[in-house]
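These notes concern the structure reproduced below.
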Amino acid sequence: MAGGAIKVEGGGRSHLYTGHTTFAVVMIAIVAASGGLLFGYDNGITGGVISMRNFAELFFPEELAQHANSNGYCMFNDQILQLFTSSLFLAGAFAALVGMVLCKKMGRRFTMIMGGLCFIIGTILVASAFHIAQLVIGRLVLGVGVGLATQATPLYLSEMAPYNMRGALNILFQLAVTIGIFAAQLINYGTQHIYPWGWRLSLALAGVPGLMLFLGALVLPDTPNSLIERGKLEQGEKVLQRIRGVEDVTVELEDIVDAVNVSRTIVNPWATILRRRYRPQLVISILIPTFQQWVGINAIIFYAPQLFQTTGSGANAALLNTVIIGAVNVACTVVAILVVDRFGRKFLLIEGGIQLVICEFIVGALIASSLGTSGVGTIETPKANAMIAFICIYIAGFAWSWGPLGWLVPSEIQPLETRAAGTGVNTFCNLLMTFVVGQTFLSMLCAMKFGVFFFFGGIGLIAILFAIFFIPETKNVPIEEIEELVVHRHWFWRRVVAGTKAPVNALRSGSSIVQIQRDAAGRSRLSMVNPEQAKQLGALDMTGDTAAPRSYSAMGQRPDVEQLRH
Ligand SMILES: OC[C@H]1O[C@](O)(CO)[C@@H](O)[C@@H]1O
């Protein structure tokens with residue numbers, strides 16, 4: 001999930017913000033959540049569709065013939081079949097990077113409209129396909145929609161919602177993803193018997209949230225932050241008044257203007273995150289999504305029907321089992337929302353990780369004891385039931401740990417200057433790794449047999465160690481103090497960043513340059529410097545557009561920035 005732009009998190013003044021949760025905000029949340037629903041729907045729909053006979057007859061007749069002759073492990077080993085699922089994520093990874101730029105330059109609303117449009121076009125392409133090429137092109141277009149929506153909708157939500165709802169919204173996005181997966185699994189269960197176009201209906205129904213996102217974004221306003229960022233102060237103020245339901249929104253408006261000014265000083269966020277000073281943020285933003293995917297979650301979410309057929313279930317039972325898994329996924333994501341601030345991120349990542357690993361080893365052993373290395377035979381009913389139970393426990397562990405925290409932790413640990421790039425790296429890695437797992441799992445199952453579960457379990461063990469030793473606890477730490485905690489107190493990261501310069505940044509305000517410095521508590525302070533001093537201080541590249549936004553002087557307040565809150 002995104003969260004790429006700079007946001008003022010209230011920085012101590014948030015209690016002064018006026019207004020309440022208005023009907024407009026509720027409507028906005030529903031529409032924006034359809035971005036998450038769509039992401040989930042597209043994740044959850046393909047496994048069931050592939051398992052529908054009429055779909056396979058049309059697109060994979062040879063694989064179907066080979067399927068009947070091969071051993072259980074290799075029934076679905078086909079690159080094109082996997083490409084149907086995974087191509088979406090490859091396009092999505094790169095579209096997320098484009099989405100970052102679009103969100104900033106054209107606005108969150110525009111990016112959501114484009115995302116919705118891609119969903120509609122992609123849905124029409126896949127649902128009307130008669131050739132595999134059209135199917136894959138359709139999935140690529142859907143992927144662009146996913147990339148744009150995963151960047152824009154969480155950002156849109158967090159900027160529109162009252163400040164005290166912002167943390168919860170991060171996990172609500174993941175909840176929307178799991179609801180989308182569950183809806184897809186239920187729909188596949190219903191459409192499997194509609195011959196010969198049940199699969200088309202499954203794929204076409206993604207058009208419903210796609211249309212919701214598209215039409216919703218057309219009628220909704222852009223966020224105040226985005227409007228002000230693009231110089232439309234008055235419009236931004238009006239939107240803020242409307243969504244907060246009060247006339248006087250001065251304090252929040254000032255904070256947004258400050259945040260916009262700060263975001264303009266960070267002219268090269270990618271170069272910033274590559275500095276040694278930000279190595280912890282960079283490494284965590286790469287490794288958390290990598291582990292989130294390589295514990296094998298999407299091997300189950302994408303291919304559960306194939307997995308259950310491999311172990312001897314009929315197609316109908318396989319889809320029913322898949323629905324059960326989807327329900328557990330939704331329910332346990334709700335658990336995460338309830339406990340994340342009580343138990344903390346680290347505890348959940350470790351506990352959830354242990355649960356994942358144990359279940360994967362048990363599932364691997366159960367399959368080994370029935371199918372051995374030959375892949376021939378079926379799993380007896382008690383063992384099959386045990387396998388479903390352990391897959392459900394695995395899903396539960398993921399859903400209250402690495403699932404939602406895989407988005408939350410990388411976004412929480414970013415200081416202001418790496419927030420846009422850090423969350424972009426996280427989304428990119430997540431979608432890229434989803435692509436790799438989606439493209440390889442069925443081949444790995446064929447090559448490694450039951451061992452593939454031991455392989456995922458092994459990666460899970462490394463993920464647990466990483467959580468224990470390298471992930472700092474961010475529970476209840478105000479956002480502006482997290483960097484201090486991550487960088488300066490952590491036993492390992494403090495050595496990595498030792499000797500690096502305190503982050504200095506520069507802001508041009510009219511003709512003067514303002515230096516941004518951190519105090520020991522990690523808070524930012526501003527003072528005036530000349531360009532030469534700024535250079536000596538190691539100020540970031542200031543060749544970009546650092547002019548003060550028109551809106552700033554239009555405010556007629558604070559001729560200079562006295563203190564920066566974030
Ligand atoms: O709930 C499972 C889903 O969650 C994700 O990891 C995203 O956070 C997806 O890749 C997966 O399909």
Side-chain angles (χ1 to χ4, degrees), residues 1-3 33 35-48 85-86 88-90 92-93 96 142-143 146-147 149-151 153-154 169-185 206 285 287-305 307 322-337 340 345 348-349 352-353 355-356 391-411 423 426-441 456 459-460 463:
M1 155 164 141
L37 279 182
L38 276 162
F39 180 28
Y41 193 90
D42 285 312
N43 285 13
I45 203 72
T46 50
T85 300
S86 70
L88 183 150
F89 299 94
L90 187 60
L142 284 173
V146 163
T150 43
Q151 245 353 81
T153 56
L169 283 174
N170 196 304
I171 296 191
L172 282 184
F173 182 80
Q174 174 69 6
L175 183 64
V177 173
T178 61
I179 294 173
I181 294 174
F182 182 48
Q185 293 164 334
S285 301
L287 286 185
I288 289 195
T290 303
F291 286 132
Q292 194 214 48
Q293 290 304 317
W294 279 102
V295 293
I297 182 64
N298 281 320
I300 310 278
I301 298 293
F302 294 164
Y303 299 120
L307 197 61
T322 306
V323 170
I324 297 171
I325 286 175
V328 171
N329 196 16
V330 176
C332 294
T333 306
V334 175
V335 173
I337 295 174
V340 69
R345 285 73 171 137
L348 287 179
L349 287 171
Q355 203 169 315
L356 294 175
I391 290 183
C392 285
I393 302 172
Y394 164 91
I395 292 284
F398 180 87
W400 61 54
S401 65
W402 288 83
L405 298 180
W407 299 111
L408 184 65
V409 175
S411 82
T423 50
N426 180 40
T427 308
F428 177 78
C429 288
N430 193 298
L431 293 175
L432 193 69
M433 291 305 158
T434 308
F435 163 73
V436 179
V437 174
Q439 186 60 40
T440 53
F441 172 65
F456 286 138
I459 295 189

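Atoms within each ligand, like the ligands themselves, are counted from 1 in listed order. Worth knowing before you read on, the calculation uses all heavy atoms, side chains too, and leaves out hydrogens, waters and symmetry mates. Position 1 is the first residue of the sequence, and the numbers go up from there.
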CD1 of Ile301 to CD1 of Ile181: how many Å apart, nearest 0.5 Å?
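One finds 4.5 Å between CD1 of Ile301 and CD1 of Ile181.
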Just verifying a value: how many Å separate Phe89 CZ and Met433 CE, rounded to the nearest 0.5 Å?
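Here the interatomic distance stands at 14.0 Å.
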For the pair Phe398 and Gln292, evaluate side-chain contact (heavy atoms from CB on, under 4.5 Å) and give the outcome as yes or no after the intermediate values.
CA-CA 9 Å; Phe398 180 87; Gln292 194 214 48; 3.7 Å; yes
On a heavy-atom basis, which atom in Gly403 and which in Trp407 lie closest, and how many Å separate them?
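Residues Gly403 and Trp407, closest heavy atoms: O-CD1, 3.5 Å.
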Any idea which protein heavy atom is nearest [atom], and the distance to it?
atom	result
atom 12 (O) of ligand 1	Asn298 OD1, 2.6 Å
atom 3 (C) of ligand 1	Ile181 CD1, 3.8 Å
atom 9 (C) of ligand 1	Asn43 ND2, 3.6 Å
atom 1 (O) of ligand 1	Asn329 ND2, 3.0 Å
atom 4 (O) of ligand 1	Gln174 NE2, 3.1 Å
atom 6 (O) of ligand 1	Gln292 OE1, 3.2 Å

Identify the residue among Asn298, Ile459, Leu432 that makes a side-chain contact (heavy atoms from CB on, under 4.5 Å) with Gln293.
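Only one of Asn298, Ile459, Leu432 forms a side-chain contact (heavy atoms from CB on, under 4.5 Å) with Gln293, namely Asn298.
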Are Phe456 and Tyr394 an aromatic pair, judged by ring center distance below 6.0 Å?
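For Tyr394 and Phe456, the ring centres are not under 6.0 Å apart.
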Could you check whether any side-chain heavy atom of Ile324 comes within less than 4.5 Å of a side-chain heavy atom of Cys392, counting everything from C-beta outward?
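The answer is yes, as the side chains (C-beta and beyond) meet within the 4.5 Å cut-off.
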For Asn430 and Thr150: C-alpha separation, side-chain torsions, deciding distance, then whether side-chain contact (heavy atoms from CB on, under 4.5 Å) applies.
CA-CA 11 Å; Asn430 193 298; Thr150 43; over 6 Å; no
I need the contact type for Thr333 against ligand 1. Using non-hydrogen atoms and a strict under-4.0 Å cut-off, is it side chain, backbone, both or neither?
neither
Element-labelled atoms of ligand 1 that are located less than 4.0 Å from some non-hydrogen atom of Thr178:
1 (O)
With only distance considered, is Thr434 within less than 3.5 Å of ligand 1 through an N or O on each side?
no
Are any of the N or O atoms of Asn430 closer than 3.5 Å to those of ligand 1?
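In this structure, Asn430 places no N or O atom under 3.5 Å from an N or O of ligand 1.
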Determine whether any heavy atom of Phe398 lies closer than 4.0 Å to an atom of ligand 1.
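Flag set, Phe398 near ligand 1.
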Looking at ligand 1, does Trp407 have a heavy atom less than 4.0 Å from it?
yes
